[in-house]
Every structure is written in structure tokens, then in C-alpha cells.
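Taking it in order: structure first as C-alpha cells, then the write-up.
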Number of protein chains: 4
Amino acid sequence: MTVRIGIIGTGAIGRDHARRINQVLAGGKVVALTDVNRESAEAVRAAIAPDAEIFQTGEDLIASPLVDAVLVTSWGASHEQYVLAAIAAGKPCFCEKPLATTADGAKRIVDAEVARAKRLVQVGFMRRYDAGYIALKEAVTSRTGAPIMVHAAHRNPTVPEHYVTPMAIHDTLIHEIDVFRWLLDDDYVSARVIFPRRAARSHGKLRDPQVVVLETAKGVVIDVEIFVNCHYGYDIQCEVVGEDGIARLPEPMAVQMRLNASLQNPILTDWKDRFIASYDVELQDFLKAAAQGTATGPTSWDGYVAAITSDACVTAQDREGEAVAITLPTRPALYN
Amino acid sequence: MTVRIGIIGTGAIGRDHARRINQVLAGGKVVALTDVNRESAEAVRAAIAPDAEIFQTGEDLIASPLVDAVLVTSWGASHEQYVLAAIAAGKPCFCEKPLATTADGAKRIVDAEVARAKRLVQVGFMRRYDAGYIALKEAVTSRTGAPIMVHAAHRNPTVPEHYVTPMAIHDTLIHEIDVFRWLLDDDYVSARVIFPRRAARSHGKLRDPQVVVLETAKGVVIDVEIFVNCHYGYDIQCEVVGEDGIARLPEPMAVQMRLNASLQNPILTDWKDRFIASYDVELQDFLKAAAQGTATGPTSWDGYVAAITSDACVTAQDREGEAVAITLPTRPALYN
Amino acid sequence: MTVRIGIIGTGAIGRDHARRINQVLAGGKVVALTDVNRESAEAVRAAIAPDAEIFQTGEDLIASPLVDAVLVTSWGASHEQYVLAAIAAGKPCFCEKPLATTADGAKRIVDAEVARAKRLVQVGFMRRYDAGYIALKEAVTSRTGAPIMVHAAHRNPTVPEHYVTPMAIHDTLIHEIDVFRWLLDDDYVSARVIFPRRAARSHGKLRDPQVVVLETAKGVVIDVEIFVNCHYGYDIQCEVVGEDGIARLPEPMAVQMRLNASLQNPILTDWKDRFIASYDVELQDFLKAAAQGTATGPTSWDGYVAAITSDACVTAQDREGEAVAITLPTRPALYN
Amino acid sequence: MTVRIGIIGTGAIGRDHARRINQVLAGGKVVALTDVNRESAEAVRAAIAPDAEIFQTGEDLIASPLVDAVLVTSWGASHEQYVLAAIAAGKPCFCEKPLATTADGAKRIVDAEVARAKRLVQVGFMRRYDAGYIALKEAVTSRTGAPIMVHAAHRNPTVPEHYVTPMAIHDTLIHEIDVFRWLLDDDYVSARVIFPRRAARSHGKLRDPQVVVLETAKGVVIDVEIFVNCHYGYDIQCEVVGEDGIARLPEPMAVQMRLNASLQNPILTDWKDRFIASYDVELQDFLKAAAQGTATGPTSWDGYVAAITSDACVTAQDREGEAVAITLPTRPALYN
């Protein structure tokens, strides 16, 4: 069975997912497109999905009998409405992060999906599909003993002027927030932020770098360095310290060279290259579940918990050094 | 356009390619199957390709108008006849190695394809599609200066009794023979084999390990250790020494662990895991070219040169320590 | 000139230093020994220093005209009195850590040395003499740009029952406390301790592991994992994050092996092996300065600051999560 | 006991050994110096050994009752005469490589020492004292199973015009020739040289690089790349393949850095830095044995075998690709 996909939002990520579905992955076909900028949708149709119909609105697209499942890759502020509409229509829906721009919005999605009593939403937390994190989780589960600490870093070469301090949480740490819950099979109970001196390359509206310390229900302490002007590269580090030993996220595959008095291998500089393969895997997972009329992978609940945790981290930025409690509602049975 | 694929030979590799085409990759569909053991073809149909028709013979399958392109994954001795039939039918054909069991057989395929004046054959040398070798070739081209030497190793944990000395060339070194021609953009002029003492785990019909020294037209000296009873793992090493520096084939991605007084990461033990991702890429390449009615990737000529080189290496095993000349016919323009 | 050395305290470390001076290093000779257990001193004389005279007390030894310079390697609680006596006698004195068991005791030594207006004391912080830390300091100074963060770990396989929580500071973290001041050329302004859940191997009187967060006058944030029951090995890690890049303390030299499906190299398990070479270098430095009647290397002031910082860290253990201020007196000019 | 040392030849290496004895190591004192250039000896006396007497000739120095043991660090062509004189005088003698400039010369030394029936000569093959090779030998002995192959490389950034092809053996490979005999506890039976194309940086009198293949009595095959214009650094590699696994010579300790989109650590460029610590250890070993009136470490026999092997390798350079037999006389019992 070929899953007929409608894409809401044909910007860079929507276009790239269209390419994946039509040119890379088995099992799906892009049959419907929409974008607030109709020309954008037409360009994607011309280049990638010649058979697709273009709809006026996301709601129209979702309602169309042509469409089996929906990709929400529009502007973040519009995600909630489209995801709710897809749930209402009973259609599987892949939603890029954020699930909603507020925790309340994410909660409305959770409530709707729970009311429907069926998993229909997959959130685009692609790191869970990265071969490195999967191998790390396997090592943590089978080799290192129960986790006690995590040391991590999220480093990026540079950010523009409009990137302000809370974005280090909402746009950057958000990936660690989700993937560590999954990695540790645990939830957060508090967040704390410690600021070193500002890096010279950090512009005035941004306190960069920062160290976020998260504590979990099982007593794991996680320290994450966020350094978005680190200059040297895009570099994701994660080390899990367990009862018996330590496991470390693999470095991306690279050619080791001996050149100019240096033993070296390249470090990536563009985040788009780091998890490129995991986007294929997450969408393949979506197509497979959608063929069964359901969804798998990161849930609405995961999106909601990420939103609650992010809010606590931003509060912790304002209360420098203080532990801010993170309290989660009861997890609905649908997500167990 | 969906390329309609017929598969000749539904053993392990044929079945796996059927899975790739129907469940992993965009652009193809398995519509026809045949195997000397009809039950095998029926099993693949049942599990993976429910819409496929089963044919009595490979020739029937090739001739069928249902079939746009052919995968030859049958017993090696039958490859030549099917590839020739596919060329005669003007249909793109992916042939697992060996292209033919003799250099003469491979030459007949080259001649047929040249007579047709169109590339129709892709040989299954999947290492050219491995991300590691591709990154190595990029490093050799752009960073290390012109190659002068290659140090390589092909190690395997253990082999069964029926694996005799020449198989170290035909079944094992064959991959290095092809991939180094591609990596260096060069051809071989001689082969020499040096035997250390036999490893304790080597059985009586096999001289294991061995060191093969190849020299190329451009003057590159390549030493390859072949050690098929190395015990510790399946381990492929390649280091290119150039005018300005050295580049090394990446190790497979692995989680680094600190455990039991040891800093360690796993080494693969099964060859099937080592290049698993490259099989997807090579078949994607085949599907893309087949949609245009042609073939790309490793050519019949490459298969023919590999056969000539292998024969020289086997001769060199019998003339231990002696350099055996490798003389190639003129390369037809079709393969430039 | 050969410096005539008297050793106060001939336990394991005193004996080992006697061996260094008489059998490894140029420039010194052990001429005097004393120990509360006279048999211990006699054993060292018999094995290592046959010409040495045995004294009744440390004070006698220090006063003897036979002795040019003194090594204090006795029980920690006795260090202060011997160092003060050596200063009073105007003789160079190498004192194993701690310089004194209290900050006040260390201050009395600083005051005495300042009153004498001459450096006479070297404290046994041997990490400053480790080739790895020296290379790291060079990299931090010349390559990474100004430091912003340090991520470190001090891991030890196991500790006995008598090792209680504050010893993680006084006996373990003390090395990081000193070496980071030297590495960063900076002083601490606060300490904070965060406790993950207790490791299963930690006995009841010890909260293990712990994360100590230090902040410096220049705004550097340092996180140090202390994990003294980590099981897998003795492992010292240090990574300095600067404006332009990151430098990491070298791993101890080790043979990389491919064995049993694992790429591995040994990790040390005994702290005595980790900095073994640096003990030679620090004593060589002492002998060289003592030949000039003075001392070099880690100062009394460094010992005093380490004591003040340790006290703050222990307070921080009791006020979990809270930043405890570290206030230092003005540094006397003698130590600039 | 302090061993009174006389040094014959006060050039760079003689001077450096004088410094070691007087300023670094316990147990020795430089009491006598001589050099064909008297000013050189005087300069060393002034800087390092103020109490040393300067002799007119090496023979005078050896004969002097002031001198317990001798260091021969003069011009290579003069080594034989001084070593023979030291043996005649019954004094322990450390001789820098080569022991003699011909195999016959080395044989005369062996014969003289055997006639004396006492070990008096240590040859300056310092790699046996390198901590990396010692750890490798330990790994090979205890972990990898019996050796079958060795892959090695000796790379140097650049050489001057006067460095001609045979010097790649006599001055460069000589270290591998000795250290592999020791590492494997084995002797050579043949040598073969294979030349790739000449590197662009190689001047006209030198064929660089080259691959030397040595076979041992136990059937081990050793390939060594010699590349003295490799440009990128001074880099010594050695990998031993055994029945159960592989062990690799440790890389020199280095700070790993993340800088400029590169994960890197420095490679040495000057050979003098690579084995610097091993010079201390070898001389310490000499002093210790000399205090007992004898010698330890690499023997005259080792020097003789190295000379025979080197001659075979030079012959093999002239008979490109051909295996040249290496036949050793019977080893005298003194060297078992």
C-alpha cells in the first residue's frame, strides 16, 4: 500500500520531506500540497511531486479524501491548529517541532488524541532515529549499568543577531530535552542554568554559553553545555556515566588524516549534515505506521513534556543558579 | 516512474534486494521472480512481493514485457547467460559479483554491451557506494596529494573447510581489487603474493594469511593483508599515503565505552553488517539509471578487469614472491 | 653541588622519594631520615640510603648541619610543625599535601615564609609536573582562546569504608582544585555541589558520585565529576572550552589492541601509576631550586588557597545545590 | 657508587649524554672528555662537567685510571677502534650506533668481547627503552597470540641532498631492524625491497619512498614503509598481527583539540623529540650495569646482526623485488 501524503508548508523542510517521500523512501507518495505562499507549493509540485494537487488551506488538504496522512511543516505558530484538524479527521500526522508554541497548546493536542483513543501524531524529534543515539541507548541498556550522570554538549559555530537567550532552550536544547528522556527512560524533576562569562563572539542579546543542569525522577544529574557561538564546528556530545562504566555518543564517521604535523579528522560545521540520515528513518517510520492508520515514534505527550521542560529551563535562565521544579501531569495510558 | 524489476535468483541476496526495492527504496517494484528452486521464489513472493509473477526461467523473465529491468542474483556460474540475455533484450541489468566466472565470460559481456553501444550492466561492487570509501576518495583527491602507496587489510573471523587458497582472491580480495581501481583511478600492472607462516586456525587446504602486493600503472604500490581466520572480527582497513599526507578509511561508527579497565568500542564480526548501507545506495543508483533505460556505477569493464586481475593474483599465489604481470586490453570508449 | 636531603616520614611515599633521590635523579643525596616508627627509617636506610643518619625527631633532623633541605612526608597532621621548623631554619622544604590540615595552619606557614621574605616551601601538587597537563596548558594558552568552561572528571575504581563524603574534597578533588588554578591562571569565587542518586557501590557513609561546580574570578565555570566508586578504572579527564576551540587532557599512553570483537586499550586502575613520572619531575625541580637555597613550583600560598577552597566545597556539600562564596585574602607579593 | 664516565666525542649527542649523566640521572659523573676538536670538549666541560679532565685521544681516556666506563659518541668510522680499546681495557662501553661501519668490524668487536667472556658493550639502540615499544612487546607477549605479520612505517618530513638511497637502510631502517628482532624475539632470513614511484619531494639521488619486506626464521612477514620526505611529520608506526589479535605502537601523548572544523592533535616533526625519554632510560641502564663492571641492553651481537641485515637490505635495493637471503653465523653463548 502506498500512503498518500499531504504536506502543509512547503518551505525548506517541507520540500525536503517531499523529496524523501517521492525520491528516497518506499511506501508513500505526495499527493497534496499547501502553503501560505502558493508559489512555493507550485515550485515543489513542479520539481518533486508533479501529480500533487494544491490546496488553498491546510484544513482543505486535511479534509480531502485524496489524503491518507499529513505532514505539518508550516510555521511553528500554525502547527497546533493543523495537528488538531488532522486528529479530528482521524488521519495520521507528522508534525515538525514544536508540536505547539505553548505547553497549553501541546496539552490541547494530547487531550484531543487521548479523546480519540488512538495514536495519530508523530513529533519530529529525529535524534531518536539517529544510529548513534540508538547505539548509545543499546550500550546504556546492556553494558554500562544504570545511568547516574550524563555529560553533554550542544555546540554550534555561530548564530545571528535575532537568536536571543531563550532560543538556546526552545530551538537548541529542545533536542537534548527530548532525546535524554528517551535515552534514560526517565522524566525531569528540576532544571538549573549556570552562566559562565559571555563568549566574545556572543552578541549583546544573548548570554552564550550556558550550562543547563537537569535532574531526573530516577536521580540522574545531566549537565549540558549549550554554546551556540563556539566557532569551531557543529558538535553534539553525550556521555552517559553508569554504575559499571561509561558510554559515549559516536562521533560522526570521518576520514582520519595525517597532514601538516597534525593527526586530524573533519568536524561538521552545518547542523543540517549531522542528523541527515535520521530524517529518512523517522519518515520511513511514519509511513509504515500511517499505512496502518496510526502513528509511532515521539508522541504528542513527548511534545507536551518537552514544552513544559523548556518553559522551566527558560525560567531557570532568569533565576540563575536556582533549581526550578518541573512538575508533569499524569501520563495518559495511551502513551504507556 | 516506477521501474518494474524482475529478480533472477531468490536466495539470501536476491530476497534481500527484493525487500530493498519493495520496502525501503523509492522508484522500483518487484514484478517478476524466478529461481531454480520454485519454492524459494514463491516464498519471496509471499513475504515481500505479493503482486509478482513467477517465471519458469530467467530467460522468460527477461523477455517478459512486464519487466523493465533485471537483477541477477542467481548462482555465479549462471550470471553470464542472464546478463547476456538482458543485454540482448536491451534491459538494464544489475549483476551481483562475479560478472562471470572467467575473464573470457566477462569479455563476452563487455563485447555484447559495446556492440549495443549503451551501458546496460551494473556490477554489484557495493564498496564504491560505502560512505567511508566515498569520504576517503574525497580526502585522497583533495587533501593528501597524489597517492604513492596503499596499506590495506581484509580480515574475517573464520572461514569453513571448503574455503581454499584461491578463494582468498576470488571471494575476498575481489572487493579491494575493484575499489582500489576506483579509489586511485588507476589500473594494475603486476601482482605478487607473500605468505607468512600459516595461522594456527587456518585449516589444511588454506594458506592463511597472505600479503598481496599490487603495483599500478601510475606507480602506486599497494599491500593488502588478507587474513580470513583473524579471529577477532571482520575488519576492513585502508590507508592511502600521498605526497602530502595520509588518509584512512573511517572505522564503522561505534559507541566508545569505558568498562572493566578498558577504553573500548565494538568491532563488527559479520561481513553482512559492514557495508549494509551501501547496498541500499547501489540499488537506488540502479533504479535511477534504469528509469532512464541505462545503467551506471561499476561497469562490465570493471567486472572484466577484476576477473583478469584476480586470475593474475591466483597465479601469483602459485609463484610465491614473484611479480606476475597484469596486461589489460584497450578500454572500449563506452567505458571512458 | 649535591643537595643533602633529610626525609621526615619514611612510609610509602617517603620511601619512594628516597629511592628517587638516591637512584633516579641527579643532584641530591639522602643523608638523614626520621620516622615516628624508627624501624621504618632503618629499613629505608638499609635498602636505599646506607649513608643516612637516623634522627630522633623531625626537629632534630631539620636542625642538623648535615641537612641542606627537607622532605616532609609524615602523617598529614604533623606537616605544619615541620614546615614551620624548616622555614625557621631557612632550609628549603618539600611538603606532601596537605600543607596543613586546616586553612589556618596553612596561613601560619604563609605568614612565616612571607616574614622570611624568601620562598622555601614547595607543596607536592605533582599534577603541575605531569606532561599531559603541561601540554594542555600550552594548548590552552596558544590555541583555544581564553577559557570559558572546564569539564572534568576524577574517577577511581573503589574506596574503603573509612572514606567519607568530605574526603572526596580533601583527598580527591584537592588535585583538581590546585591544578585548575594553575591551568587557568585564575582563582575561585564560588563552589556548588550537586548530588545525583548514590551509586550502588557507594557505602552508607559516602554520597558518591558528586558534581562540583566551581566559578572563577574570570568567569570560567568548571564542572568536575567526582566518582570514587566508578568501578571501571582510575580515570582523570579534563576538557577546556575556550573562545576558539577545545583542548583535552591526553589519555595516558596505551597500546591499542584489536581483540575479541573489540578495539580497545587499557585504562589504569591504580592512581599510583597515573602520575608516576610527574613525581620524578617535581622532585628534580625541588633539588634544582634547593641547590640555590630556595624553592619553586607550587607555593605555600597555593596550599593555603587549596585549603580555603576545600573548606568551601565541604560547606557546599552540606548546602546541596547552593553556591558557597570563596573569599581569598590578598596575595602576598612573595607569590606573584 | 658513582660511575666515573669518560666521553669520546663531544658533538651534539655526546654533549647531550654528558648533560644526562651530570644533570638528570643518578649514579654517574662525567670525569673525562675527548674530541678531535678540543674546543668542543672544552665547551662541554665549561657548560656541563667542570671537574672533567680533557684527554688528547680516546685511547688515553680509556686507559686512564680516572675512568670507570666509556661512552663512544664520536664519528661512526671511529667507533670500532674505541670499542675494541674499551674491551681490551675491560671497561664497560656504551657505543652509539653504528657499532662499526661494516659487518666485519662489528664481528671483530663480537670476537673480542667473546674472547673476554664478559659483556662490556651496550649499543645505542634506544627504541628498546621506549615506553611505547615496551608496552607493545608486553601486549604481543600476553594478549595477541604469536606474531604472524608486522606492518610498520618510518616517516620523516624531509632529508637533505646528501641523503642517498642506501642511507634509508643504514641511518633510518636500522632502528626497525634492531627493535623488531627484540620485539619478536626472532631473526631475519630474507629482505626484499619494492619501490613505488618516486615522491615528488625526493631529490634525484634518492628513491623515496620504499617498502622493505623482511621475513623471519619463525615465518613472520614484516612490511616497513620508509618515507623520508613524507612532509607531514616524523611518524613511527608499528602494528603486530598475531594469532588472536593486533597490537599497535602507541601514538606519542598529545592534546586532542577541536579547532577550525577539525578534531586534531599534533604530530611531531623532529625525530629528536620522539624517543627523547628513552635516551634517559638506556643510559640509566648503562650506569646501573657499569657500576657492576658489565653491560646490559643491546649487545655487540645485536649490532653485528643489524649490520649483516642492513647489508642485505642494501643489496635488496639493487635487486628490486627480489628476496635476498640473510644468513647469520652461530650466536655465541655469551649472548644467549
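For the numbers below, each heavy atom of this structure counts, side chains included, while hydrogens, waters and symmetry mates do not. Chain identifiers are assigned alphabetically (A, B, ...) following the order of the sequence lines, protein sequences preceding nucleic acid strands; residue numbering begins at 1 within each chain.
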Exercise. Looking at A:Lys218, A:Arg201, A:Glu225, which one has more heavy-atom pairs under 4.5 Å with chain C than the rest?
Worked result: A:Glu225
For this session: Among the options A:Val241, A:Val211, A:Val220, pick out the one with the most heavy-atom pairs lying under 4.5 Å from chain C.
Result: A:Val241
Problem set entry | Minimum heavy-atom distance C:Ala168-C:Gln210, with the two atoms named | CB-NE2, 3.4 Å
Exercise. For the residue pair A:Arg274 and A:Asp130, what are the closest heavy atoms and their distance?
Worked result: NH1-OD1, 3.9 Å
What part of [X] lies closer than 4.5 angstrom to a heavy atom of chain C: side chain, backbone, both or neither?
X        : result
A:Ala153 : neither
A:Glu215 : side chain
A:Glu239 : side chain
A:Asp223 : side chain
A:Ala323 : neither
A:Phe195 : backbone
A:Pro147 : backbone

Problem set entry | Check: A:Tyr234 ring centre within less than 6.0 Å of A:His154 ring centre | yes
Exercise. Can any side-chain N or O of A:Tyr188 pair as donor or acceptor with the backbone N or O of A:Ile177 at less than 3.5 Å?
Worked result: yes
Exercise. With distance as the sole test, does A:Glu176 use its side chain to make a donor-acceptor pair with the main-chain N or O of A:Ala152 at under 3.5 Å?
Worked result: no
Problem set entry | Residue selection (most heavy-atom pairs with chain A, distance under 4.5 Å) from C:His231, C:Arg155, C:Glu322 | C:Arg155
Exercise. Between C:Gly321, C:Cys230, C:Gly245, which residue shows the highest count of heavy-atom pairs closer than 4.5 Å to chain A?
Worked result: C:Gly321
For this session: Verify side chain to side chain contact (heavy atoms under 4.5 Å, CB included) between A:Phe227 and A:Asp208, making sure each step is shown before the conclusion.
Result: CA-CA 6 Å; A:Phe227 191 2; A:Asp208 181 50; 3.4 Å; yes
Exercise. Do other residues, nucleotides or ligands put more than 12 heavy atoms under 6.0 Å from A:Arg143 CZ?
Worked result: no
Exercise. Below 4.0 angstrom, N of the basic side chain to O of the carboxylate: do A:Asp302 and A:Arg181 qualify?
Worked result: yes
Exercise. So which part of C:Ile148 gets closer than 4.5 Å to some heavy atom of chain A, the side chain, the backbone, both or neither?
Worked result: both
